[in-house]
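Data first, discussion second: the structure below is written as structure tokens.
The analysis underlying the following values was restricted to heavy atoms, covering all of them including side chains, and did not include hydrogens, waters or symmetry mates.
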Amino acid sequence: WTRERFTMEESLSKGVREVFVRLYEEGWIYRGTRIVNWCPRDKTVLSDLEVKEEKAKDGKLYYLRYPVRRGEGETRGDGDFITVATTRPETMLGDTAVAVNPEDERYKNLIGSTINLPLTGRQIPIIADEYVESEFGTGAVKITPAHDPNDWEIGERHGLEKLVVMNDDATMNAAAGEDFNGLDRFAAREKVVEEFEKLGLLEKIEDYEVTLPHCERCKTVIEPLLSEQWFVKMDEMRDLALGLINEEGYPHFYPEVPHKKVYTTWLENLKDWTISRQLWWGHQIPAWYDKDGNVFVARAAEEAFEQAGTSELTQDQDVLDTWFSSALWPFSTLGWTGSGEGEKGREGERSSDLDVFYPTDVLVTGRDIIFLWVSRMVMTGMKFMGERPFDDVIIHGTVLDKNGQRMSKTKNNGIDPLDVFEKYGVDATRMALAGSATGVDFAWRDERVESFRNFANKIWNATRFCLMNADGTTNFSLSSGTTNFSLSDKWILSRLSKTSKAVNRALETYQFHEAVQLLYHFFWDDFCDWYIELKKDEITAGDQEATGLIVAILEQALRLLHPFMPFLTEELWQKLPGVSTGLHNPAYASAGQTIMLTSFPTGDDALIDEEAEREMSSVIELITKVRNVRAEMNIKSSDRLSIHVAADKQMQAVFAANDAQIKKLARADNIVLAESLEVPKASARAVLTGNAEIAVPLEGLIDFDKERARLNGQLEKLDVELQRLNGQLSNQNFVEKAPEEKVQELRDRKAEIESQQKTLTQNVEALN
RNA sequence: GCCGACUUAGCUCAGUGGUAGAGCACUCGCUUCACACGCGAUAGGUCACAAGUUCAAGUCUUGUAGUCGGCACCA
């Protein structure tokens, strides 16, 4: 927080003025009169990016007849009109020409003629311009250079007068004529149409689907208006950004599709950037004017006075587009002011933040500001730092409402994050969002946050359990007592290491949802549902070694979870016995004790134990099968069972070593291990992977029909899989062309299924 | 008009050419002493549609439909 920055503070403002002056001096910033996007309500100019196109409800196309003049002061006969079509009839008051395509046979003989422009008493020429498409409308276009960007360009080409007929609030001005002066643009539109009708010059009105530009902020229809503003020339800026992405591939977009292409295409078609705004809030433009209107661009008033040789100057009242200062963010926040302070690579100076941190690694943002912000940071970074501002850009999805609609104030379908925090907690919200960060838009679901609230509660309770018996436990380390590790210890350490490695891999490529899933399932399924349950007896009995180990594993898990659930994990970590600054990354050994400064676990290859994972799978499978028997046969949990297991010597040894844990979790009184089963007919049966078999004697409890149905259900499932395997294995092409490993894998699986089917079939027959 | 993405369980979404997954919801059972915000066991799929490539397609190619997004034009 010592580096908190705000673009309006002095240091950053200094950078803004520096950049403005330098770009002005190089001719990359200029002041000019152009057709701009004007919001008549906010009374400011807007950049193209702040204008949103929306379909108009009742668009109309008006066909207006302009009388063609025959001789001095008179028009031709009744039929001598040229008809133009327009969606904005009021702009005809500012027309200074009518244009037709030079090749259009209908109008060829009229080129060079003059029109008596109705309602104005003005006379305007008919000109020829390639821009006009003969097929569109009537093939004749009214030209209003001061109120339409395309018309303005035609006006430039033909040296037409640029007649401004509107005020800055979109009312008509005196140039529009006495009858229209002061009328709002839409009232003027109606009046123009009425007048044309009266004159018999309104040919027709057609319904017409039209999209209109709206002010992004206030939704008012934008008026294209001739206005003097400040612009950044984009030719060189665009080339800097295009060169970077085309030649060096920076920035890397995550996900690359579709953002890289959209970004590149936008750059290729870029027009100049309007940077002045008629607003109160912002960086005031560092330009001063003398009484004759001469411009002095300077870093400060004194510098302008010096240039002008007078202090009789007034500063430009306009401010800069907010994105102008934001465009400098990657270096202005690191101390760059252009004056040399804090800048890179200056010999003899101590290393500055700019030296250390620029270029940055990654920018995280939404796609709606790729053009507004990301592209401009790239441009100014290249221009003023000489290198890219960041390597990677993560574009995350947009949060939609529960119906998949974008949230908006007008629809009132937004959610208040503070309400969500209040209801489910900040950590749950954070993890729910991280778990949704796939780059794709996603619908907001309270239930999803709720599930992570439940997860947070799970972590809290698991920690509580570990701490209940941890009094006096101070010595914990994953490597302590290595020789005494039980199967479940080796298994959980292997799972922890694999999870750590996978989480790191996921984070390296910004797969946050993947990291969230890994951690959720490691903590809940592996650690809570299995490991804690397996170790419960040892821990509640006060086994110090077991407690030390479980605390060590918990401590690692909390570190892994910390970036996703910072408050909860810090709170719990502080409560763990034996935590100290000794666990910090060595660079922070002297800081106050906090989980924030511990190293992020990377996993330990030495702890990965495939054999332990295989053996543990067998134990889990055994317990699950017995639980299934219990559930399907409706055996009360208070009824203790006896479990008979037939397995090879190796598996017998595994089950024997975990006898106590199996009894506890399967709620059994004893386990009989042997090469083959010798049990009464009234037993429920199941098969395990690896040719093992179990039976649970249920004298007086078994329902033979139900057991038959249960076993047949399992047989059916196996049969479905077997059919598929047979299909593949009988395909000669598969056997010949698929990798040998894959073929062998299927053959092994087929053998496994056939063995299990054989056993299950015998079991069913034994029930008869 | 141009470009792009998406379409997988009831809902919201993951999914790396090789046995389709999660959370929530649903069904059944459980006062098992960390947690009912819980535990245990199930059920639920024509991976939008059609063709193609491949031994093998949710995954690659093409087309179609629908949904959404971006850009442009709009006399």
Over how many whole Å does the gap from [X] atom [atom1] to [N] atom [atom2] extend?
X      : N      : atom1 : atom2 : value
A:H259 : B:rC71 : NE2   : C1'   : 15 Å
A:E53  : B:rA72 : CD    : P     : 8 Å
A:K55  : B:rC74 : NZ    : P     : 17 Å
A:E721 : B:rG18 : CD    : C1'   : 13 Å
A:D526 : B:rA22 : CG    : P     : 14 Å
A:D748 : B:rG18 : CG    : P     : 19 Å

Exercise. With sequence neighbours excluded, what pairs up with A:D446 under the salt bridge (Lys or Arg N to Asp or Glu O under 4.0 Å) test?
Worked result: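 Result, salt bridge (Lys or Arg N to Asp or Glu O under 4.0 Å) vs A:D446: A:K423.
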Within the structure shown, what part of the strands sits under 4.0 Å from [X] by heavy-atom distance: base, sugar-phosphate, or nothing?
X      : answer
A:A462 : base
A:V257 : sugar-phosphate
A:F455 : nothing
A:T463 : nothing

Candidate nucleotides [options], ranked by approach to the side chain of [X] - the nearest:
X      : options                : result
A:K536 : B:rC74, B:rA34, B:rC55 : B:rA34
A:S637 : B:rU32, B:rG4, B:rG40  : B:rU32
A:N457 : B:rC35, B:rA34, B:rC55 : B:rC35
A:N731 : B:rC55, B:rA34, B:rA20 : B:rC55
A:R445 : B:rG4, B:rU12, B:rC73  : B:rU12
A:R453 : B:rG38, B:rC37, B:rG23 : B:rC37
A:N454 : B:rU12, B:rA14, B:rG38 : B:rG38
A:E632 : B:rA34, B:rU42, B:rA14 : B:rU42

Do any N or O atoms of the protein come closer than 3.5 Å to N or O atoms of nucleotides 59-67 of chain B, and which pairs are they?
none

